[in-house]
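Notes for the one structure printed next.
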Amino acid sequence: ITALSYAYSRDVIPGKLAIGAAGRFTFSALDTDTRGLAALNFGTLWRDHRLGLSAGLNIQNILNLKVWGRSNDIIPMSIRGGIAYHLPEDLVRVSIDLEQAGSRTAYFLGTELKLWKILLLRLGQNNDELNMGVGLKMDTLQFDYALALHNLGLGPSHRISLTMSMGKSVEELRYEK
């Protein structure tokens with residue numbers, strides 16, 4: 001599965017509340033079946049830096065269009081909410097999320113440890129798998145790798161992402177004010 005996303009977010013209350021939207025195109029191939037899907041997502045994030053807490057809500061696949069392919073499968077709309085606790089400087093982050101997708105409810109527990117300014121280590125658990133990963137963050141680029149060990153006997157999954165941020169960071173905008 002390959003996905004390409006474009007996201008935009010904006011502070012509604014500077015440093016406290018942000019909203020955003022993302023469009024995603026997903027291409028998948030399994031044996032001789034290929035398909036392309038387009039989806040629209042919406043999210044909001046509240047953060048209290050004094051308390052080290054954040055909470056978010058994300059609605060994914062609001063608009064879910066089949067672009068091509070023989071399969072009539074679509075990705076169901078999902079609603080995901082969670083809270084996180086951040087130690088100062090975001091050196092450690094612990095989070096818990098709940099997701100409702102169709103008739104399935106899932107939980108996600110995770111922690112992230114910042115070793116240096118650019119290196120992040122992650123460990124997490126959800127209903128079906130144990131996840132571990134690493135992230136490298138340099139200026140506007142972030143590379144993430146995750147290994148998922150499934151309980152379903154499917155073997156491991158490898159997930160790789162490359163993110164490029166455009167414009168000023170949240171921290172830069174916060175210091176301008």
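Computed from heavy atoms alone, side chains included, the values below leave out hydrogens, waters and symmetry copies.
One distance of note links CD1 of I79 with CZ of F42; it measures 12.0 Å at 0.5 Å rounding. The distance from the CD1 atom of I62 to the CE atom of M77 is 7.0 Å, given to the nearest 0.5 Å. Rounded to the nearest 0.5 Å, atoms CD1 (I96) and OG1 (T111) are 12.5 Å apart. How far NE2 of H86 is from CG of L51: 11.0 Å, rounded to the nearest 0.5 Å. Distance CG/N41 to CG/N58: 6.0 Å, rounded to 0.5 Å. The OG1 atom of T2 lies 10.5 Å from the CD1 atom of I160; values are rounded to the nearest 0.5 Å.
Linking Ile, Leu, Val, Met, Phe, Trp and Tyr residues whenever their side-chain heavy atoms come within less than 4.5 Å places W116 and V134 in a single cluster. Connection of W46 to I83 is not established within any shared hydrophobic cluster, with ILVMFWY side chains joined at heavy-atom distances below 4.5 Å, either directly or through further cluster members. L113 and F108 end up in different hydrophobic clusters when Ile, Leu, Val, Met, Phe, Trp and Tyr side chains are linked at under 4.5 Å. Placement of M132 and V92 within a single hydrophobic cluster is found when ILVMFWY residues are connected by side-chain heavy-atom separations under 4.5 Å, directly or transitively. Linking Ile, Leu, Val, Met, Phe, Trp and Tyr residues whenever their side-chain heavy atoms come within less than 4.5 Å places L121 and F143 in a single cluster.
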Trace of the side chain to side chain contact (heavy atoms under 4.5 Å, CB included) decision for L115 with L120: CA-CA 6 Å; L115 291 180; L120 307 166; over 6 Å; no
Working for side chain to side chain contact (heavy atoms under 4.5 Å, CB included), residues Q60 and E99: CA-CA 10 Å; Q60 294 184 322; E99 178 183 56; 4.1 Å; yes
Verdict with reasoning, D11 to R47, per salt bridge (Lys or Arg N to Asp or Glu O under 4.0 Å): CA-CA 11 Å; D11 271 354; R47 188 162 185 183; over 6 Å; no
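Within the 3.5 Å criterion, the main-chain N or O of A106 finds no donor-acceptor partner in the side chain of D128. A donor-acceptor pair is defined here as one N or O able to donate and one able to accept, closer than 3.5 Å; no such pair exists between the side chain of D48 and the backbone of L53. The backbone N or O of L123 lies less than 3.5 Å from no partner atom in the side chain of N131, so there is not a single donor-acceptor pair. Listed for the S5 side chain is no donor-acceptor partner under 3.5 Å among the backbone atoms of F25.
L45 places none of its side-chain heavy atoms less than 4.5 Å from the side chain of L17. Looking at S9 and I19, their side chains never come closer than 4.5 Å, going by heavy atoms from C-beta outward. L119 is listed as a side-chain neighbour of L136, based on a closest heavy-atom distance under 4.5 Å. In this structure, L98 and R80 have side chains that are not in contact, with every pair of non-hydrogen atoms separated by 4.5 Å or more. At a threshold of 4.5 Å between non-hydrogen side-chain atoms, the residues L147 and H158 count as touching. In this structure, H150 and S157 have side chains that are in contact, with non-hydrogen atoms separated by less than 4.5 Å. I118 has its side chain within reach of M138: a pair of non-hydrogen atoms, C-beta onward, lies under 4.5 Å apart. Looking only at side-chain heavy atoms (C-beta outward), Y107 and D97 stay at 4.5 Å or farther from each other.
P76 and N61 make their closest contact through O-ND2, 3.1 Å (heavy atoms, listed as atom of the first residue, atom of the second, distance). When every heavy atom of A84 is checked against every heavy atom of S95, the shortest pair comes out as CB-CB, 3.9 Å. Nearest heavy atom pair, residue G124 against residue L130, reads O-CD1, 3.2 Å. Closest heavy-atom contact between A18 and T44: O-OG1, 3.0 Å.
Here E112 does not pair with K137 in a salt bridge; the nearest charged N to carboxylate O distance is not below 4.0 Å. For R122 and D144, the salt-bridge test passes: some basic side-chain N is under 4.0 Å from an acidic carboxylate O.
For L91, the CG atom counts as densely surrounded, since its 6.0 Å shell holds more than 12 non-hydrogen atoms of other residues, nucleotides or ligands.
Annotation: cation-pi pair R24/Y6 absent, no NZ/CZ under 6.0 Å from the ring centroid and within 45° of its normal.
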